[in-house]
Amino acid sequence: MLIPKKVKHRKWHKGRNKDRQIETRGLELSYGHYGIKALESARLNSRQIESARRTITNFMKREGRLWIRVFPDKPITKRPPETTMGGGKGAVEYYVYIVRPGRVIFEMDAPSAAKAHEALRLAGYKLPFKTRIISR
């Protein structure tokens with residue numbers, strides 16, 4: 001699973017809800033000929049990225065090439081269950097990437113367009129937002 005090797009600050013602020021903002025970077029395909037693009041905003045954790053990656057590689061039978069265009073670097077903290085208020089912020093539980101609409105999540109090269117579309121369609125089910133398959 002993807003986690004940062006080292007972070008400057010162990011615990012981040014939560015941040016504001018940026019649902020209305022549209023992504024300005026990572027909108028186009030840079031490496032492959034097919035890709036999967038986010039249509040909604042959400043938090044994408046490393047388990048979901050890994051699950052989608054395994055779905056694509058399993059369907060493609062290791063032919064073609066895959067690029068992951070996102071990296072989970074924002075730490076999400078969680079307090080232990082049944083603890084009282086106070087005592088500070090909880091420990092880091094997992095890492096997420098904040099996805100905004102328009103961001104390309106995965107790119108791939110495949111021997112055929114039909115196989116690439118099917119692999120990306122199956123991977124889209126593993127992601128917590130609506131997606132669209134794009135091609136060059």
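Small disclaimer: the values here were computed from a predicted structure and weren't measured. Sequence positions, counted from 1, serve as the residue numbers for this chain.
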Asks: Before giving the answer on side chain to side chain contact (heavy atoms under 4.5 Å, CB included), spell out for Ile49 and Phe106 the whole-Å C-alpha distance, their side-chain angles and the decisive distance to 0.1 Å.
Replies: CA-CA 9 Å; Ile49 294 170; Phe106 292 103; 4.2 Å; yes
Asks: Locate the shortest heavy-atom distance separating Gly102 from Lys37; write the atom from each residue and the value.
Replies: O-CE, 3.3 Å
Asks: Is Lys126 atom NZ crowded by more than 12 heavy atoms from other residues, nucleotides or ligands, each under 6.0 Å away?
Replies: no
Asks: Would you indicate whether Arg136, at its atom CZ, is surrounded by more than 12 heavy atoms from other residues, nucleotides or ligands within a distance under 6.0 Å?
Replies: yes
Asks: Check this for me: does any side-chain nitrogen of one of Arg121 and Glu118 sit under 4.0 Å from a carboxylate oxygen of the other?
Replies: yes
Asks: Other residues, nucleotides and ligands only: do more than 12 of their heavy atoms fall within 6.0 Å of NZ on Lys89?
Replies: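 Atom NZ in Lys89 is crowded, with more than 12 foreign heavy atoms closer than 6.0 Å.
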Asks: For Val104 and Trp67, run side chain to side chain contact (heavy atoms under 4.5 Å, CB included): C-alpha distance rounded to whole Å, both residues' side-chain angles, the deciding distance at 0.1 Å, then the answer.
Replies: CA-CA 10 Å; Val104 174; Trp67 291 270; over 6 Å; no
Asks: Go through the steps to decide whether Ile56 and Leu122 satisfy the test side chain to side chain contact (heavy atoms under 4.5 Å, CB included), and finish with yes or no.
Replies: CA-CA 7 Å; Ile56 292 170; Leu122 293 171; over 6 Å; no
Asks: A side-chain contact here means heavy atoms from C-beta on lying under 4.5 Å apart; do Met60 and Pro111 qualify?
Replies: yes
Asks: Over 60° means perpendicular and under 30° means parallel, so classify the ring planes of Tyr34 and His117, tilted if in between.
Replies: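 It falls in the perpendicular class, over 60°.
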Asks: Quick one: does any side-chain atom of Lys74 pair with a main-chain N or O of Lys14 as donor and acceptor, under 3.5 Å?
Replies: yes
Asks: For a quick test of reading the model, state the closest non-hydrogen atom pair linking Leu127 to Ala52 and the distance between them.
Replies: CD2-CB, 4.0 Å
Asks: Taking all non-hydrogen atoms of both residues into account, name the closest pair between Lys11 and Pro75 and its distance.
Replies: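 So the minimum-distance heavy-atom pair works out to CA-CG, 4.4 Å.
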Asks: Does OH belonging to Tyr31 count more than 12 external heavy atoms closer than 6.0 Å?
Replies: no
Asks: Around atom NZ of Lys78, are there more than 12 heavy atoms of other residues, nucleotides or ligands at under 6.0 Å?
Replies: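 Count not over threshold, so no.
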Asks: Quick one: do Arg53 and Glu50 make a salt bridge, cutoff under 4.0 Å?
Replies: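 So Arg53 pairs with Glu50 through a salt bridge.
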Asks: Would you kindly confirm whether Ile68 and Phe129 end up in one hydrophobic cluster when ILVMFWY residues are joined by side chain heavy atoms under 4.5 Å apart?
Replies: yes
Asks: Kindly work out whether a path of hydrophobic side-chain contacts (I/L/V/M/F/W/Y, heavy atoms less than 4.5 Å apart) joins Met108 to Phe59.
Replies: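 Linked, Met108 and Phe59 end up in one cluster.
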Asks: Given side chains that start at C-beta, do those of Ile105 and Val99 come closer than 4.5 Å, heavy atoms only?
Replies: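 A side-chain contact exists here, since the closest heavy-atom pair is under 4.5 Å.
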Asks: Please determine whether the number of non-hydrogen atoms from other residues, nucleotides or ligands lying under 6.0 Å from atom CD of Glu28 exceeds 12.
Replies: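 No, not enclosed.
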Asks: Quick one: CD1 on Ile36 to CD1 on Ile134, what's the gap to the nearest 0.5 Å?
Replies: 9.5 Å
Asks: Are more than 12 heavy atoms, taken from residues, nucleotides or ligands other than Arg47, located less than 6.0 Å from that residue's CZ atom?
Replies: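 No, the 6.0 Å shell around CZ holds no more than 12 heavy atoms from other groups.
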Asks: Rounded to the nearest 0.5 Å, what separation is found between the OH atom of Tyr125 and the CG atom of Leu120?
Replies: 12.5 Å
Asks: Kindly give the heavy-atom pair with the smallest separation between Pro101 and Gln21, and that separation in Å.
Replies: CD-O, 3.5 Å
Asks: May I have all residue pairs that pass side chain to side chain donor-acceptor pair (under 3.5 Å) and include part of residues 102-113, sequence neighbours excluded?
Replies: His33-Asp109, Arg69-Glu107, Tyr97-Arg103
Asks: Looking only at heavy atoms, what is the nearest atom pair of Pro72 and Leu44, with distance?
Replies: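 Result for this residue pair: CB-O, 4.4 Å.
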Asks: Test Ile76 against Arg43 for side chain to side chain contact (heavy atoms under 4.5 Å, CB included), laying out the working first.
Replies: CA-CA 10 Å; Ile76 302 298; Arg43 285 178 171 180; 3.7 Å; yes
Asks: CG of Asn45 to CD1 of Ile3: how many Å apart, nearest 0.5 Å?
Replies: 12.5 Å
